[in-house]
Structures are given as C-alpha cells and as structure tokens.
Amino acid sequence: MKSRTSKESRSAPTEVETQAEAFQKSRDARRTELMEDYVELIADLIEQSGEARQTDIAQRLGVTQPTVAKMLKRLAEENLVTQRPYRGVFLTEEGQTLAAAARRRHEIVEALLCRLGVDPDTARNDAEGIEHHVSEKTLEAFERFLKNG
C-alpha cells in the first residue's frame, strides 16, 4: 500500500473528509430548517391576511406560543423579522429573501415529486423536509429535468 504525499492529500479529499463534509452540510441544513419554515409561514400568513400573529404561527406549526416567541426572538436577532406590539410579525428584506428562496426550493421539489408520480398531498408533505437539504446544484438539475421532461 502506497502512502500519499502531503501534496496528494491536500489536492484530493479522502473518503473520510468527503463524508465529514456531507454530514456537516446536513447539520447546517437542520440548523436553518426551522428558521426557514418560520419565515416561509410568516410570508404565507402576511400574503393571506396582511400580518402574521404569534397565535396563528403557533396554531399552524402545532407548537406553543412560548415556543414561537423564542423563535421569533431568534429571527429578530438574525434580522429576519420585526415585531410590532399589537400588530404581529413582519419580515425584513432579508426575511423576505429567505422566505422566497425556501418557497422556490419547496415548489421545485414538490413539482419533481409530482412528475415522478407521487400524489400531490404526499409530494407537498415530503417536499417540506427535502427542500432544506437540497443543494443549489441539485435544484438546478431538478429544474432542467422538469423543463425537458
């Protein structure tokens, strides 16, 4: 068995490094998944009724209001939302950008699953989890497939 020189090691990632990178990307996606779900839901609520109230968010997500309050604080710290007393929650420009990107990913994944023959309800539910773990490269491939298929 021939050992690699230090130059060879730096130029080609090992299987362990490749696997570690994949797991790191997955952990990063899980960390942002919840924030993306919140901003996407807030955008939907604003589109439907002009504002997103904490009670509506809790009800739609099936969580308690204190859980929502904690996440809204985190989203505000990340400059994704603003809260106005007695008025609800609103997305900042950054929040709107994140919500639009999450919605786009969701729509592409859902459309692909439907094209593959998955029923619409299952596709919608499955896309909700998959959308957060799909790279931009893969989304582009999905879009090409959808346009050409």
Side-chain angles (χ1 to χ4, degrees), residues 10-149:
R10 278 184 266 129
S11 63
T14 67
E15 184 178 341
V16 170
E17 291 168 334
T18 302
Q19 189 175 32
E21 183 179 329
F23 282 124
Q24 183 61 50
K25 285 180 182 179
S26 181
R27 284 191 302 277
D28 291 343
R30 279 195 300 273
R31 270 194 287 281
T32 61
E33 183 174 353
L34 197 53
M35 289 195 314
E36 289 175 350
D37 284 344
Y38 269 79
V39 295
E40 191 176 5
L41 175 59
I42 291 166
D44 290 345
L45 290 169
I46 290 170
E47 190 176 294
Q48 292 166 6
S49 62
E51 69 178 7
R53 296 178 312 137
Q54 190 170 312
T55 56
D56 297 329
I57 296 168
Q59 184 179 27
R60 294 274 185 110
L61 291 174
V63 298
T64 65
Q65 285 194 50
T67 298
V68 172
K70 184 177 177 184
M71 178 53 80
L72 291 177
K73 183 177 182 213
R74 181 175 169 200
L75 294 173
E77 289 168 357
E78 295 287 332
N79 194 35
L80 297 171
V81 301
T82 59
Q83 292 180 271
R84 298 181 190 149
Y86 311 108
R87 288 266 349 266
V89 181
F90 298 89
L91 295 172
T92 63
E93 193 172 317
E94 285 179 54
Q96 291 172 2
T97 300
L98 182 61
R103 181 177 287 146
R104 174 184 163 267
R105 284 193 317 270
H106 182 101
E107 289 170 353
I108 293 168
V109 172
E110 185 176 337
L112 177 73
L113 293 173
C114 286
R115 176 72 66 85
L116 293 173
V118 176
D119 70 88
D121 287 338
T122 302
R124 188 176 315 102
N125 291 335
D126 288 350
E128 190 55 52
I130 295 169
E131 72 184 68
H132 303 287
H133 299 274
V134 176
S135 70
E136 192 58 38
K137 239 184 212 183
T138 300
L139 278 174
E140 289 168 5
F142 287 178
E143 284 183 304
R144 282 193 305 276
F145 175 81
L146 289 165
K147 286 178 185 172
N148 298 326

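As a basis for the values below, the full set of heavy atoms in this structure was taken, side chains included, without hydrogen atoms, waters or symmetry mates.
Partners of T82 by side-chain hydrogen bond (donor to acceptor under 3.5 Å, both in side chains), not counting sequence neighbours: none found. Every residue was checked against the salt bridge (Lys or Arg N to Asp or Glu O under 4.0 Å) condition with E78, not counting sequence neighbours, and none meets it.
Taking both residues in full, the closest heavy atoms of I57 and V68 are given as CG2-CG1, 3.8 Å, listed atom of the first, atom of the second, then distance. In terms of heavy-atom proximity, A52 sits nearest to I46 at N-CG1, 3.9 Å. Here the closest heavy-atom approach between residue L91 and residue A43 is recorded as CD1-CB, 3.7 Å.
No side-chain heavy atom of L45 sits under 4.5 Å from any side-chain heavy atom of R53. Side-chain contact between L139 and E136 is present, with at least one heavy-atom pair separated by less than 4.5 Å. When side chains are defined from C-beta on, V81 does not count as touching Y38, because their heavy atoms never get closer than 4.5 Å.
Here the options are E40, E131, R124, the test is side chain to side chain donor-acceptor pair (under 3.5 Å), and the partner is H106; only E131 passes.
One side chain, H132 or E36, offers a donor N or O that lies under 3.5 Å from an acceptor on the other.
Atom OG1 of T67 is separated from atom CG of L34 by 9.5 Å, given to the nearest 0.5 angstrom.
Using a 4.0 Å cut-off between charged nitrogen and carboxylate oxygen, E110 and R103 do not count as a salt-bridge pair.
Sorted by first and then second residue, the salt bridge (charged side-chain N to carboxylate O under 4.0 Å, His left out) pairs involving residues 87-97 (not counting sequence neighbours) form an empty list.
When atom types are taken as modelled, the side chain of N148 and the backbone of R144 share a donor-acceptor pair closer than 3.5 angstrom.
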